[in-house]
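Here is the structure we will look at.
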Amino acid sequence: MGMTSVRRLAQVGVITVCAAALAACGTSSRSYNVSGAPGGNSADCSGLMSKAPQKLGGHERNDSDQKGTAVWGDGDVILRCGNISDVPESAACTSVKGVDWVVNAKKTHDGVKTVLSYGRSPAAEVTMSERIKDKDAVIGEMSGIVSGLAEQKVCAKRG
């Protein structure tokens with residue numbers, strides 16, 4: 001075998017390995033370090049996810065392998081739907097476009113902000129990274145789709 005044949009075989013080998021690696025990346029799902037909430041596979045959560053926009057906060061929507069979740073960018077905005085109630089009843093809330101939101105103080109730190117819809121069943125939780133400059137605009141857009149979830153109660157303590 002001549003030197004040209006050996007090089008050609010090596011090139012074919014490298015191309016084959018690269019193609020296999022790219023194919024694996026293209027078919028693998030990403031979790032974006034987000035876990036689905038209990039009840040995230042409900043019809044209400046599926047309906048909410050189907051209404052979630054393709055672009056939010058300047059980032060494109062990406063698929064997550066978790067039911068009841070949507071992700072924009074590389075986890076810059078994360079929407080979770082389900083039976084989520086990890087904020088106290090006494091927490092102050094803010095109404096945005098008819099949806100009450102409570103800041104989850106345990107998950108809000110270092111430029112990251114997490115809000116939870118209040119009085120909706122199922123609940124919606126939105127986490128925004130420090131890279132999202134206009135967090136209020138994101139919450140406003142999410143309010144438009146979250147308003148379709150059943151309202152069980154309204155917030156008594158306005159912030």
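This one's a predicted model, so the numbers in the text were calculated from it and none came from an experiment. Residues take their numbers from the sequence shown, with the count starting at 1.
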For [X] and [Y], work out which heavy atoms get closest and say how close.
| X | Y | result |
| --- | --- | --- |
| Thr69 | Gly36 | CG2-CA, 4.0 Å |
| Lys133 | Glu130 | NZ-O, 3.3 Å |
| Pro53 | Met142 | CD-CE, 3.8 Å |
| Lys135 | Ser129 | NZ-O, 3.3 Å |
| Asp100 | Ser95 | OD1-CB, 3.4 Å |
| Asn62 | Gly73 | ND2-O, 2.7 Å |

- How long is the gap from OG1 on Thr127 to CG on Leu79, to the nearest 0.5 Å?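 Here the rounded value is 9.0 Å.
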
- Item | Distance in Å, Tyr118 OH paired with Ser85 OG, rounded so as to fall on 0.5 Å steps | 11.0 Å

Taking [X] for its side chain and [Y] for its backbone only, find out whether a donor-acceptor pair lies under 3.5 Å.
| X | Y | answer |
| --- | --- | --- |
| Arg61 | Ala52 | yes |
| Asp136 | Asp134 | no |
| Lys67 | Ser46 | no |
| Ser147 | Val99 | no |
| Arg120 | Leu149 | yes |

Are [X] and [Y] connected, step by step, through hydrophobic side chains (Ile, Leu, Val, Met, Phe, Trp, Tyr) whose heavy atoms are closer than 4.5 Å?
| X | Y | value |
| --- | --- | --- |
| Val126 | Leu116 | no |
| Ile139 | Leu48 | yes |
| Met128 | Ile145 | yes |
| Ile78 | Leu56 | no |

- Side-chain donor-acceptor pair present, Trp101, Ser143, cut-off under 3.5 Å: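 A donor-acceptor contact under 3.5 Å links the two side chains.
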
Determine whether [X] and [Y] make a side-chain contact, defined as any pair of heavy atoms from C-beta on separated by less than 4.5 Å.
| X | Y | value |
| --- | --- | --- |
| Cys45 | Arg80 | no |
| Ile132 | Val77 | yes |
| Lys107 | Glu125 | yes |
| Val115 | Asn104 | no |

- Under the side-chain contact (heavy atoms from CB on, under 4.5 Å) test, residues paired with Thr108 that sit two or more places apart: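 Listed in chain order: Val103, Lys113, Thr114.
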
